[in-house]
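As a basis for the values below, the full set of heavy atoms in this structure was taken, side chains included, without hydrogen atoms, waters or symmetry mates.
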Amino acid sequence: MVDNQFTKTLQKYSEQIQNLNREKEKSQKRRSVEMFFSFDIVNSSSYKTLNFTGWSQVIITLFARIQERVAKKIPSAEMWKILGDEVIFIVPVLEKQDIFIYISNVFEILNQTVFQLKTGTFFEDQELQGLDQNFLKMQNIISLKAASWMAIIGEEIKPEKYDNLMKRFKLQEGYEIFEFLGNDIDTGFRIKAYTQDKRLVISYELAYILSRNTDSLKNIYIVTYKRLKGIWQNHLYPIIWYHDEKFAEGISLEDSFYYDERENSKLVDEYFKNRKDPMLQSKMYEDVDYALNKILTDRKLEDKFEKIDKVIEESQNDIKHLLDPKFLLRLHCVAVCFDQSKKKILIMKRSEHRKKLAGLWEFGCAKGSLEKSLVEQIEEDYWLDFGIRIKVICNKSRNDVQPVPLAIYEVEGEQGKDKGIITLAEIIGNVDIEGFQGDKHSQIRWIEEDEAKQFSEPTVDDFQNTLNMVFSWLKENHID
């Protein structure tokens, strides 16, 4: 009887292990749609030659800031590799809408970083304090360019049409690297040769999906057509740039070219020539929607996009329970910043292009993350958004030193009500009010207590109450 029961128990555990192994095998054979994007430093060789003693510190800091911005804007992305002066990221596409968001974020990161490099504010980074900042600002040499493409990826699968493979290589015990192999991967590396300073080049597949949305279609520009080695059986491939005025200081693509850029860039020269040459099929350049659909039909790519849709749908089903809104929580961290004289508070006006609360005055906001403490995240986000150094006021009477909370609030988010805390931060150093230019905010300014009582411009909820609380806190702490 005992032996019989023992045998049944062993059989039960054996079945469970077999089921687990089948599930593991099934997960390893799963396909996914992945988006790749890269940032490449422009003029890095010249920069290293001129700054042979300090270039490494600048390049390392630049890569670190890019990685921070990617982690903030696209949290599910991970770094794939660094190739010389280029860093490449990969992010899974779990629904079509992800593509629109990711491309927009990549372009925003590109332009935000280029702007800081061109204006010199990047060189004020605390990691570069030991270098001659004025000299670095005057050089205006390095910049950034970007590329993005997508691919259907499978690991341990029998390859089918349009599949790309992920292969793991074990280097030593507990350490391995992974590589991607396939036609779409090759395409991505080919098109990277056709981007340049502050430009984002995208693959045909990304462009076609983006073009199905009217708002995104206007951001797609066909520069020229090239034969890419090993791609499309030597047929011409469209070189496509993505440009969103919203993140480019409100400037159109044509107005964003330097006055002599056509002289110095073959791509820019081709961009203008292709729109004026009567011998060319102008619709294949000027009418992007027509051109992308024409290519779809002529290249017989309809089944590729059907497969992309199918793989995305299967990925959604696999992780649907993980995306349940009740399991997701976004934490907003507002830091009300005051100056060293303790008599005024910095307020910020949200840009008119913001989807929510456009044009309203507020105090800025950071987003809590799992990787960093609240203090680190707040101080970093305010530096990235406003170029200001701040010191968050913390409760140092506790072993777990955290920001002093003034209030807690709720705000409508994408998947319900997000939660937020309001805390205080002291500004360290100067604030460039007149020279401020940001993507999320159009203006920053100081406000004093007397003016605050009569402030009548549109604001976020409880703006006046927050001001009153902060001025009261400053007085109670003998800061007046």
What pairs of residues pass the salt bridge (Lys or Arg N to Asp or Glu O under 4.0 Å) test when at least one of them lies in [range], not counting sequence neighbours?
| range | value |
| --- | --- |
| residues 220-238 | Lys226-Glu270 |
| residues 231-257 | none |
| residues 201-218 | Glu205-Lys304, Arg212-Asp289 |
| residues 98-115 | Lys73-Glu108 |

Exercise. For the pair Phe37 and Phe89, name the ring-plane relationship: parallel under 30°, tilted 30 to 60°, perpendicular over 60°.
Key: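 Because their plane-to-plane angle is under 30°, the rings of Phe37 and Phe89 count as parallel.
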
Quiz item: Under 30°, 30 to 60°, or over 60°: which ring-plane class applies to Phe305 and Tyr208, parallel, tilted or perpendicular?
Solution: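 Rings of Phe305 and Tyr208: tilted, 30 to 60°.
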
Quiz item: Ring centres of Phe189 and Trp149 under 6.0 Å apart?
Solution: yes

Self-check item: Aromatic centroids of Phe247 and Phe107 separated by under 6.0 Å
Solution: no

Do you know the tightest heavy-atom contact between [X] and [Y]?
| X | Y | result |
| --- | --- | --- |
| Ser216 | Leu210 | CB-O, 3.3 Å |
| Ile141 | Asn43 | O-ND2, 3.2 Å |
| Ile390 | Cys337 | CG2-SG, 3.9 Å |
| Val70 | Ala77 | CG1-CB, 4.0 Å |
| Gln196 | Ser265 | OE1-OG, 2.8 Å |
| Phe36 | Ala151 | CE1-CB, 4.1 Å |

With sequence neighbours excluded, what pairs up with [X] under the side-chain contact (heavy atoms from CB on, under 4.5 Å) test?
| X | value |
| --- | --- |
| Thr459 | Trp361, Phe455, Phe463 |
| Glu410 | Lys417, Lys419 |
| Lys367 | Arg330, His332, Cys365 |

Side chain of [X], backbone of [Y]: donor and acceptor closer than 3.5 Å?
| X | Y | answer |
| --- | --- | --- |
| Tyr204 | Leu292 | yes |
| Arg190 | Leu228 | no |
| Tyr382 | Gly364 | yes |
| Asn183 | Asn164 | no |
| Asn105 | Ile74 | no |
| Thr195 | Ile191 | no |
| Ser104 | Phe100 | no |
| Arg69 | Leu384 | no |
| Ser211 | Leu217 | no |

Quiz prompt | Test side-chain contact (heavy atoms from CB on, under 4.5 Å) applied to Arg31 and Lys307, step by step | solution = CA-CA 11 Å; Arg31 289 175 173 82; Lys307 184 171 183 179; 4.2 Å; yes

Quiz item: Where do Ile99 and Val33 land on the side-chain contact (heavy atoms from CB on, under 4.5 Å) test, with the steps shown first?
Solution: CA-CA 10 Å; Ile99 295 173; Val33 174; 5.7 Å; no

Quiz item: Is any NZ, NE, NH1 or NH2 atom of the basic residue among Lys158 and Asp163 found under 4.0 Å from an Asp or Glu carboxylate oxygen of the other?
Solution: no

Self-check item: Salt bridge Lys72-Asp385, side-chain N to carboxylate O under 4.0 Å
Solution: yes

Exercise. Assess whether atom CD of Glu263 is packed by more than 12 heavy atoms of other residues, nucleotides or ligands within 6.0 Å.
Key: no

Exercise. Assess whether atom CG of Asp461 is packed by more than 12 heavy atoms of other residues, nucleotides or ligands within 6.0 Å.
Key: no

Look up atom [atom1] in [X] and atom [atom2] in [Y], then write down how far apart they are to the nearest 0.5 Å.
| X | Y | atom1 | atom2 | answer |
| --- | --- | --- | --- | --- |
| Trp80 | Met166 | CH2 | CE | 11.0 Å |
| Leu110 | Lys198 | CG | NZ | 10.0 Å |
| Ile103 | Ile101 | CD1 | CD1 | 12.0 Å |

Practice problem: Please identify each residue that fulfils side-chain hydrogen bond (donor to acceptor under 3.5 Å, both in side chains) with Arg65, with sequence neighbours left out. | Solution: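 Testing Arg65 for side-chain hydrogen bond (donor to acceptor under 3.5 Å, both in side chains), a comparison that skips the adjacent residues, returns Glu68, Asp125.
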
Exercise. Verify salt bridge (Lys or Arg N to Asp or Glu O under 4.0 Å) between Asp197 and Lys118, making sure each step is shown before the conclusion.
Key: CA-CA 11 Å; Asp197 184 2; Lys118 296 297 185 184; 3.3 Å; yes

Quiz item: So is Lys81 actually on top of Phe180's ring, under 6.0 Å and inside 45° of the axis?
Solution: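 No, a cation-pi geometry is absent between Lys81 and Phe180.
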
Exercise. Is it possible for you to check whether Lys283 lies under 6.0 Å from the centre of the six-membered ring of Tyr290, through NZ or CZ, and within 45° of that ring's axis?
Key: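 The answer is yes, since Lys283 meets both limits relative to Tyr290.
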
Determine whether [X] and [Y] make a side-chain contact, defined as any pair of heavy atoms from C-beta on separated by less than 4.5 Å.
| X | Y | value |
| --- | --- | --- |
| Leu357 | Glu362 | no |
| Phe39 | Thr113 | no |
| Val93 | Val311 | no |
| Arg199 | Val223 | no |
| Ile422 | Phe363 | no |
| Gln443 | Phe436 | no |
| Glu352 | Ser442 | no |
| Ser203 | Asp184 | no |

Test of understanding: with salt bridge (Lys or Arg N to Asp or Glu O under 4.0 Å), list the residues that count as partners of [X], not counting sequence neighbours.
| X | answer |
| --- | --- |
| Glu86 | Lys192 |
| Asp186 | none |
| Glu286 | none |
| Lys310 | none |

Quiz item: Cut-off 3.5 Å, side chains only: do Tyr225 and Asn274 have a donor facing an acceptor?
Solution: no

Quiz item: Can you check side-chain contact (heavy atoms from CB on, under 4.5 Å) on Leu253 and Phe257, steps first, answer last?
Solution: CA-CA 7 Å; Leu253 177 66; Phe257 294 124; 4.0 Å; yes

Quiz prompt | Worked verdict on His441 versus Phe386 for side-chain contact (heavy atoms from CB on, under 4.5 Å) | solution = CA-CA 9 Å; His441 297 80; Phe386 307 108; 3.4 Å; yes

